[in-house]
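To start, the structure under review is shown below, and the notes come after it.
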Amino acid sequence: MPNRSNDELFQLIKSLDKAEKRLFKLYVKRTAGTDDLKTITLFDALDKMDDYDEDKLLQKNKSLKKQQLSNMKTYLYRQILSCLRQVSDDDNIDMQLHEQMGHARILYNKGLYRQSLKILDRVKHNARQHYHVTYQLQALIFEKKIEALHITRSIENKAWQLSNEVEEVNGHIVLLSKLSNLALQLYGLYIRNGHARNKEDILFLEKFFQDNLPVYEIKTMNFYEKLYLYQAYSWYHFIMQNFLQYYRYTQKWADLFNAEPQMIPVESSQYIKALHNLLTAHFVLRNYEGYKNTLEEFEKFASGDEGNININTRTQNFVYLGIAKLNHHFLHGTFSAGTGLVDDMEKGLKEYKLFIDPHRTLIFYYKIACMYFGCGNNEKAITYLNKIINWKVDLRSDIQCYARLLHLIAHYELGNDDLIEYLIKSVYRFMAKMQHLSEAEEEIFSFLHKAFSLTKQKLMPEFIKLRDKLKTLEGVPHETRSFMYLDVISWLESKIENKPVQEVIRGKAESVKQKA
């Protein structure tokens, strides 16, 4: 069975572009021995495979022996990394600082202490410019060692200066660690459980946030400290479904890069994530003009040099720009036009399959399913919903719940009455495991449980009753997620008014634009 997900060498080779592959072969052949030529054979064999399968690899390449394969793979892995290090981007500040620290160590070992200190001063200066406090600390620790062991006569009162610098840097590192921990933990809670579903979730999150938010003074904070502070607040308000505050902090996140554009190529992934979250904020708030402007900014970045630095940025551009383009059609109710993006989405998912995490793939499948459902193609919607339902992954229980609800509704629309009773039981079992359902979710499920057995004449009053009930819950903060991922109200209105779902949503969008 293919095992593409956990063979590290295969993943590394698949991450290389054509130029890197060519350079690697030249690198090996310059000092080639018999073993090196065998690694080229292994390299080419792995490069030609779509998925890693060791049995097929050995069958097609008789010169490769099973007992040697593990050592050969380890050797080839190290060779590729060594080659990439030599041809790596000279503009990468992390690699520059690491190299400079190595040069300082070499000079120290040669007894050239003053030269070593000169390099360390350069490291500190460059690190300070790019807010790399960990490299500042490494340089300071090395500098203290040199001053303590040798009489350098570099400057007067050096000991006091170094002590003060270390204290200052340590303060930044402690704050940075606490803020980055909080941001990561909040993101982890969201990935696992989605939005807050009830008062218990809200109370837990409020306490967790307050207990872990460190004391800070915004005026003295550097770029990274502000970055993680704004991220933490963004995740917190997003999970709490306080979308105005979520918008406020995602805008601050993006504005950090607007204020210091030199940090965009240094932290391109964080910049992409900032644009993605700002787009999400515009989307949930139905800010059409803001969404349009931010999407244009994102597309400009993705098509430029800074947006194509490496496979990592290209993958993230595909993921987040792809989601943004799909959301654009959700925002305007243009579902039929939106299905035209699906082929490109599928190609991208295949091209970047080794680098996209299951959570993102789950989101793509759900949004594509909703796109097909919105334009009335229920068969296609069910195809993508089945991908989610049959995927054994412990992520986003909320999305998996809505996928099952939408799956049930799509079968109802197709008139698959023989499946409805079984699907109702299946959805009920899944929702029962979730334990904490929102009031809107309870109302939706209660309706589905009884409505599908009613005649069409008796069903219309139930449609109206549920729509009116859900409208009273639409503005309740912890009920928002029920409408963000499954627009049941628009579906109900389409049944009541006898219109396609996308026509109902498009009408709402036009109404909002006219009022703006």
Side-chain angles (χ1 to χ4, degrees), residues 1-17 49-52 180-195 227-228 231-232 234-236 238-239 250 253 267-280 283 298 301-302 307-327 341-342 344-371 384-403 481 484-485:
M1 182 178 178
N3 192 12
R4 65 176 174 83
S5 61
N6 58 13
D7 188 85
E8 295 176 349
L9 174 61
F10 179 74
Q11 290 179 326
L12 178 59
I13 291 173
K14 289 299 182 181
S15 73
L16 304 177
D17 59 33
M49 298 181 80
D50 292 324
D51 293 291
Y52 182 74
S180 61
N181 284 345
L182 178 58
L184 181 62
Q185 288 165 346
L186 287 167
Y187 187 55
L189 286 172
Y190 170 67
I191 293 298
R192 185 167 184 82
N193 300 315
H195 298 280
L227 175 71
Y228 289 118
Q231 281 186 10
S234 293
W235 300 136
Y236 173 68
F238 187 60
I239 298 171
T250 55
W253 182 354
E267 287 293 348
S268 55
S269 295
Q270 293 282 14
Y271 179 61
I272 292 169
K273 205 71 180 285
L275 293 176
H276 163 67
N277 279 278
L278 183 55
L279 281 164
T280 302
F283 176 75
F298 197 169
F301 168 79
N308 289 275
I309 295 172
N310 51 44
I311 186 67
N312 182 43
T313 55
R314 290 194 294 274
T315 301
Q316 290 192 309
N317 282 332
F318 162 71
V319 170
Y320 295 118
L321 193 53
I323 290 172
K325 289 177 178 179
L326 290 171
N327 280 344
L341 297 172
V342 174
D344 287 338
M345 299 295 110
E346 286 283 14
K347 287 176 184 176
L349 286 171
K350 184 176 181 181
E351 181 180 354
Y352 298 108
K353 63 182 177 180
L354 293 176
F355 315 107
I356 299 177
D357 61 86
H359 173 241
R360 297 299 165 200
T361 305
L362 199 71
I363 296 296
F364 267 111
Y365 287 160
Y366 186 73
K367 287 190 174 294
I368 291 172
C370 289
M371 194 73 72
Y384 281 93
L385 292 168
N386 281 335
K387 291 175 184 283
I388 299 171
I389 294 168
N390 297 327
W391 193 359
K392 307 302 178 185
V393 56
D394 187 22
L395 286 172
R396 294 299 303 274
S397 57
D398 55 343
I399 290 291
Q400 295 187 53
C401 172
Y402 300 135
R481 70 166 187 152
M484 188 191 309
Y485 293 109

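Everything numeric in this text was worked out from a predicted model, so none of it was measured. What you see below is based on every heavy atom in this structure, not just the backbone, and it leaves out hydrogens, waters and symmetry mates.
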Exercise for the section: May I ask you to decide if the ring planes of Trp235 and Trp253 are parallel, tilted or perpendicular, using 30° and 60° as cut-offs? Expected result: perpendicular
Practice task
Return the orientation label for the His276 and Tyr320 ring planes: parallel under 30°, perpendicular over 60°, tilted otherwise.
Solution key: tilted
Completion exercise
d(Tyr366 OH, Gln400 CD) to nearest 0.5 Å is 11.5 Å
Practice task
Starting at CD of Gln185, measure out to OG of Ser180 and round the result to the nearest 0.5 Å.
Solution key: 9.0 Å
Handout entry: Residues that Leu12 engages under side-chain contact (heavy atoms from CB on, under 4.5 Å), provided they are two or more places apart
Key = Ser15, Tyr77, Ile80, Leu81, Leu84
Exercise for the section: State which residue, out of Asp51, Asp50, Thr361, fulfils the side-chain hydrogen bond (donor to acceptor under 3.5 Å, both in side chains) condition with Lys353. Expected result: Asp51
Which residues satisfy the side chain to side chain donor-acceptor pair (under 3.5 Å) test with [X], sequence neighbours excluded?
| X | answer |
| --- | --- |
| Tyr352 | none |
| Asp344 | none |
| Asn386 | His407 |

Handout entry: Main-chain N/O of Ser234 paired to Asn277 side chain as donor or acceptor, under 3.5 Å
Key = no
Problem - Non-neighbouring partners of Tyr271 that pass ring pair (Phe, Tyr, Trp, His ring centres under 6.0 Å), sequence neighbours left out - result: Phe257, Phe301
Fill in the blank from the handout: Residues at least two apart in sequence or cross-chain that pass ring pair (Phe, Tyr, Trp, His ring centres under 6.0 Å) with Phe355, listed by chain then number, are none
